[in-house]
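Data first, discussion second: the structure below is written as structure tokens.
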Amino acid sequence: MNFLGHAHLSLAGSDNFLFGNLIADGVRGSDLSGWSPEIEAGIRFHRRCDAVIDAHPETRWLLTQVPPASRRVAGIAFDMMWDHLLAGEMHDDDIERLYRLLAREEVPSRLTSLIEWIQVRDALRRYQELEFTLSTIASIGERMTDRRRLRQTSDPRQQSDPRQQSDSRSGRRTHKMGDLEAGANPLADMTPWLADNRAMLEDSFARLWPDMLALRQTIFHM
């Protein structure tokens, strides 16, 4: 899940716990001793939520519905669509709290440019707009494509890398472009399908989300 999904599940926690949830995708490795206990707990809760949603039957069913050419990266698009569906439920005070926490100095360096992009475009509010969300999904795909071109230019052996592989440091599956044709952007190609099937995605999320909310009870006893 992405910023708003993870935030929604952890808003009842302290600022440090929430911060850990927000930055977890930029943190690598299982040794989190460099972080405070509350931030570490937030990072681990984020990872737990990722594992649950990736393995959820509803997610697995949705993967059978998407265009085959985009299936390898569909999880990224789903994360963004879930944020789109949740954006309208976020209170302005909560959004301001997220921006304040994302401005903290200890944000992992690998997230700096992303967070700057989010802040400049007020993305956490604009995810309510379907067109903005779809454009963001396509942009993510373009950045992935650019990185793939760079890898292939610097090391031709990268052309044979698998499109998905496990990240042994974080334990979560990472999405790779691998053996796609040069210049391919399956996320951009997927956006018309996402627009056409928004109602189906909304129904599917309505079945999935209660199971994610249940995870909060293990943390906050809500």
Side-chain angles (χ1 to χ4, degrees), residues 1-27 39 42-43 45-46 49-50 53 59 62 73-144 175 185 187-188 190-206 208-210 212-213 215-216 219-220 222:
M1 303 188 73
N2 227 296
F3 281 105
L4 294 184
H6 285 290
H8 200 294
L9 294 173
S10 54
L11 280 171
S14 68
D15 277 2
N16 280 339
F17 179 78
L18 176 56
F19 180 71
N21 277 272
L22 296 178
I23 66 166
D25 283 335
V27 178
I39 293 176
I43 294 170
F45 184 62
H46 175 117
C49 291
D50 279 348
I53 201 166
T59 303
L62 281 173
V73 294
I76 298 170
F78 293 158
D79 282 350
M80 298 304 298
M81 289 300 293
W82 304 155
D83 273 9
H84 164 65
L85 295 174
L86 287 169
E89 299 182 15
M90 298 293 293
H91 298 295
D92 196 66
D93 288 348
D94 292 331
I95 294 293
E96 289 302 321
R97 182 185 178 197
L98 301 183
Y99 280 136
R100 174 171 54 81
L101 291 177
L102 290 175
R104 285 167 60 159
E105 292 182 0
E106 62 264 44
V107 169
S109 59
R110 69 182 71 238
L111 291 182
T112 301
S113 60
L114 171 62
I115 291 171
E116 180 180 355
W117 182 93
I118 287 173
Q119 292 171 326
V120 168
R121 290 163 179 78
D122 195 14
L124 299 185
R125 290 187 178 89
R126 293 197 62 195
Y127 284 144
Q128 296 184 56
E129 306 167 19
L130 179 59
E131 288 305 316
F132 178 83
T133 304
L134 296 178
S135 175
T136 300
I137 291 169
S139 295
I140 292 171
E142 185 59 32
R143 289 196 295 273
M144 292 173 67
H175 303 277
N185 185 345
L187 279 172
M190 189 179 174
T191 57
W193 182 90
L194 294 169
D196 291 342
N197 291 278
R198 185 191 180 284
M200 181 187 75
L201 291 165
E202 187 172 8
D203 289 343
S204 187
F205 185 65
L208 179 158
W209 188 236
M212 303 308 299
L213 291 175
L215 293 178
R216 295 192 308 181
I219 300 294
F220 306 121
M222 298 174 64

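Residues take their numbers from the sequence shown, with the count starting at 1.
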request  = Rounded to the nearest 0.5 Å, what's the gap from CD1 on Ile23 to CD1 on Ile115? Could you check?
outcome  = 8.5 Å
query = Run the side-chain contact (heavy atoms from CB on, under 4.5 Å) check on Met212 and Leu215 step by step: do they pass?
reply = CA-CA 5 Å; Met212 303 308 299; Leu215 293 178; 3.8 Å; yes
request  = Hey, could you give me each pair passing salt bridge (charged side-chain N to carboxylate O under 4.0 Å, His left out) that has a residue in residues 8-21? Not counting sequence neighbours.
outcome  = Asp15-Arg97, Asp15-Arg100
note = Looking only at heavy atoms, the pair that brings Pro108 and Val27 closest together is CG-CG2, 3.9 Å
ask   = Would Asp50 and Asp25 satisfy side-chain contact (heavy atoms from CB on, under 4.5 Å), going step by step from the backbone distance to the final call?
value = CA-CA 10 Å; Asp50 279 348; Asp25 283 335; 3.9 Å; yes
message = Counting C-beta onward and ignoring hydrogens, is there a side-chain heavy-atom pair between Ser139 and Arg143 closer than 4.5 Å?
response = yes
Any donor-acceptor N/O pair, Ser204 side chain to Met200 backbone, under 3.5 Å = no
query = When the ring centroid of His8 is compared with that of Trp209, is the distance short of 6.0 Å?
reply = yes
key: Interatomic distance, Glu142 atom CD to Ser135 atom OG [nearest 0.5 angstrom]   = 11.5 Å
inquiry  = Restricting to salt bridge (Lys or Arg N to Asp or Glu O under 4.0 Å), what partner residues turn up for Glu131, sequence neighbours left out?
reply    = none
ask   = Going by the side-chain hydrogen bond (donor to acceptor under 3.5 Å, both in side chains) test, which pairs reach into residues 111-125, not counting sequence neighbours?
value = Asp92-Arg125, Glu96-Arg125, Tyr99-Asp122, Asp122-Arg125
task = Drop me the distance from Leu134's CG to Arg198's CZ, to the nearest 0.5 angstrom.
result = 10.0 Å
inquiry  = For Trp82, is there any backbone N or O sitting under 3.5 Å from a side-chain donor or acceptor partner on Asn2?
reply    = no
remark   = For His46 and Ala24 the tightest heavy-atom approach is CG-CB, 3.2 Å
task = Over all heavy atoms of both residues, which pair between Ser10 and Leu18 is shortest? Give the atoms and the distance, please.
result = OG-CD1, 3.2 Å
query = Who pairs with Ala77 by side-chain contact (heavy atoms from CB on, under 4.5 Å), at least two apart in sequence or on another chain?
reply = Ile137, Leu187, Met190, Leu194
Straight-line distance of Phe19 CZ to Leu102 CG, nearest 0.5 Å = 7.5 Å
request  = Kindly indicate, with the supporting measurements, whether the criterion side-chain contact (heavy atoms from CB on, under 4.5 Å) is fulfilled by Leu208 and Ile53.
outcome  = CA-CA 8 Å; Leu208 179 158; Ile53 201 166; 3.7 Å; yes
ask   = Taking all non-hydrogen atoms of both residues, which atom of Phe205 and which atom of Leu85 are closest, and how far apart?
value = CB-CD1, 3.8 Å
message = Suppose we screen for ring-ring contact (aromatic ring centres under 6.0 Å, His included). Which residues come up paired with Phe17, at least two apart in sequence or across chains?
response = Phe45, Phe220
message = Among residues at least two apart in sequence or on other chains, which ones pass salt bridge (Lys or Arg N to Asp or Glu O under 4.0 Å) with Asp203?
response = none
request  = Indicate yes or no: at least one non-hydrogen side-chain atom of Met81 is less than 4.5 angstrom from one of Leu130.
outcome  = yes
query = Say you draw a straight line from CG of Leu201 to CH2 of Trp193; how long is it, rounded to the nearest 0.5 Å?
reply = 5.0 Å
key: Closest contact, heavy atoms only, Arg104 versus Val107   = O-CG2, 3.2 Å
inquiry  = Run the side-chain contact (heavy atoms from CB on, under 4.5 Å) test on Tyr127 and Leu4 for me, step by step, so that the C-alpha distance in whole Å, both residues' side-chain angles and the decisive distance to 0.1 Å come before the verdict.
reply    = CA-CA 9 Å; Tyr127 284 144; Leu4 294 184; 4.1 Å; yes
remark   = Rounded to the nearest 0.5 Å, the CZ atom of Phe78 sits from the NE2 atom of His84 at a distance of 14.5 Å
request  = Taking all non-hydrogen atoms of both residues into account, name the closest pair between Cys49 and Leu9 and its distance.
outcome  = SG-CD1, 3.8 Å
